[in-house]
Amino acid sequence: MSGKKQVFVIGGTGYIGASVLQRLVKHRTAAESEYTVLVRSEDKERKLAELVKSGGLGDVGIKLVRGSNADFDVLEAQAARADVVFSMADSDDVPAIKAVIAGLKKRYEQTGVAPILIHTSGTGVLMDKAEGNFEGTNYYDDTIPEHLEALADTQIHRPVDLLVVEADSQGYLRSYIILPGVIFGIATGPLYDAGVGNRHSMAVPLLIKKGVSRGEVGVVGEGLSKWPAVHIDDTADLYITLYDGVLSGRAGRGREGYYFAENGHYTWYSLSKAVAEALVALGKSNNIEPTPFTKAEYEESFMLRVLGTNALCHANRGRALGWKPKYTIDDLYRSIKPEAEVLLSVSS
Ligand SMILES: NC(=O)c1ccc[n+]([C@@H]2O[C@H](COP(=O)([O-])OP(=O)(O)OC[C@H]3O[C@@H](n4cnc5c(N)ncnc54)[C@H](OP(=O)(O)O)[C@@H]3O)[C@@H](O)[C@H]2O)c1
């Protein structure tokens, strides 16, 4: 193994992960780092290898390892040779994170230095049962560990987050968890141009596609509940601000290592209304008013049930490290029509 800092990237071909990877290869530590990227499909492995070979990601050391989250031996072996792991594939995969943690523990036993784990969770951990019927009032502050610790262990993402923080408390790794709200915007950059990264997020594309298939855009209940939002570039910037904070020893870790990503909140009604206006403008719907999802629609999809909840938070910890998100809730609304044009392959 070279004397370079070993950085293992999981989920580097995804919406979040590709934006982070593009920034990591330009990071001030890139020349002294070697990146190992887990890739699960043959197609993406070929495209990424071509991009690396052509210098499209710069002159940095990038190795590809074929495997999935179900290849626990691969995850453990790669983590066991890593100084840093960026975990950006799946916020809910308990066996996968256990394999990563086991590998990092081995790394610590070999080197005596606790390796770094930067894991991706989400503000889904904060969800209530509002079903769109009320606006929440309980804002979680990531600088107050007790706020996160008050969450039920059964909340989504929580089983993985708890394992990560518990491993930190044992001292054999340093853990940092980023919890983005709804991420928006079409992701850009060489990894996406090469067909490696996934350009689209989750909530806005879901509302667009569902809106087209049902002829009008849906909303859960009255749409009064609120969620935080954050642009994909601001999200990826937070990983880098945090990484800088970790390397300089300024970043809180473990129970003090939760980092929300938000730059404001929106109501689900406002978001659905903005999607409805975009689809009407594009000739894909005649109804400018969102209509409630039926009980059957609501029950058939976990994601739709998310769209009725409150998840309220303040991303104070990242801001204290110097994170300055640029995109606002108005940018969220403005992002919808261009995204619909791409997703629906239409021009205005
Ligand atoms: N997007 C959001 O608004 C948002 C907000 C908060 C939290 N999150 C969470 O963040 C995580 C990543 O989200 P994303 O939007 O970046 O998703 P995404 O675009 O689907 O990317 C997921 C990445 O993980 C890889 N991956 C997924 N399952 C895998 C498996 N079993 N084995 C190996 N690789 C696997 C994917 O590989 P392929 O390229 O081969 O598919 C891809 O690189 C998710 O857990 C999501 O719930 C997302």
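Note that ligands are numbered from 1 as they come in the structure, with each ligand's atoms numbered from 1 the same way.
The existence of a salt bridge linking Arg174 and Asp168 is excluded, since no basic side-chain nitrogen approaches an acidic carboxylate oxygen closer than 4.0 Å. Between Arg46 and Glu50 there is a salt bridge, with a side-chain nitrogen of the basic residue lying less than 4.0 Å from a carboxylate oxygen of the acidic one.
Ser41 does not count as a contact of ligand 1, since none of its heavy atoms falls under 4.0 Å from the ligand. Taking a 4.0 Å cut-off on heavy atoms, Gly181 registers as neighbouring ligand 1.
Counted within 6.0 Å of CD on Glu146, heavy atoms from surrounding residues, nucleotides or ligands total more than 12; the atom is thus considered enclosed. Heavy-atom neighbours of Lys105 NZ from other residues, nucleotides or ligands within 6.0 Å: at or below the threshold of 12.
In terms of polar-atom proximity, defined here as any N/O pair under 3.5 Å, Ser91 does make such a contact with ligand 1. Polar contact with ligand 1: present for Ile183 (N/O pair, distance under 3.5 Å). The shortest N or O to N or O distance between Ile16 and ligand 1 is under 3.5 Å. For ligand 1, the polar-atom distance check finds an N/O of Thr13 within less than 3.5 Å of one of the ligand's N/O atoms.
Annotation: atom 17 (O) of ligand 1 to nearest protein heavy atom, Met202 CE, 3.9 Å. Atom 7 (C) of ligand 1 has as its closest protein heavy atom Ser121 O, 3.2 Å. Residue, atom and distance of the protein heavy atom nearest to atom 32 (N) of ligand 1 are Asn69 N, 2.7 Å. The protein heavy-atom contact nearest to atom 6 (C) of ligand 1 is Pro180 O, 3.4 Å. Here the protein heavy atom with the shortest distance to atom 41 (O) of ligand 1 is Arg40 NH2, 3.0 Å. Protein heavy atom in closest approach to atom 1 (N) of ligand 1: Ser201 OG, 3.1 Å. Of all protein heavy atoms, the one lying nearest to atom 12 (C) of ligand 1 is Met88 O, 3.4 Å.
Every residue meeting the salt bridge (charged side-chain N to carboxylate O under 4.0 Å, His left out) condition with Glu289, not counting sequence neighbours, appears here in chain and number order: Lys273.
Atoms CZ and CD1, from Phe184 and Ile232 in turn, are 10.5 Å apart once rounded to the nearest 0.5 Å.
Compare Ala89, Ser68, Ala96, Gly14 by their heavy atoms: the one nearest to atom 24 (O) of ligand 1 is in Ala89. Within the set Asn198, Ile232, Val9, Asp92, the minimum heavy-atom distance to atom 20 (O) of ligand 1 is found for Asn198.
The aromatic rings of Tyr172 and Tyr108 lie tilted to each other, with the angle between the two planes from 30° to 60°. Taking the six-membered ring where tryptophan is involved, the planes of Tyr176 and Tyr259 are tilted, since the angle between them lies from 30° to 60°. Taking the six-membered ring for Trp and thresholds of 30 and 60 degrees, His27 and Tyr243 have ring planes inclined between 30 and 60 degrees apart.
Close approach of ligand 1 to Thr120 is summarised as follows: ligand atoms under 4.0 Å from at least one heavy atom of the residue are 10 (O).
A distance-only check finds no donor-acceptor pair linking the side chain of Asn263 to the backbone of Ala229 [under 3.5 Å]. Checked by atom type and distance alone, the side chain of Glu222 never pairs as donor or acceptor with a backbone atom of Phe134 at under 3.5 Å.
The part of Lys44 lying near ligand 1 is the side chain, judged by heavy-atom distances below 4.0 Å.
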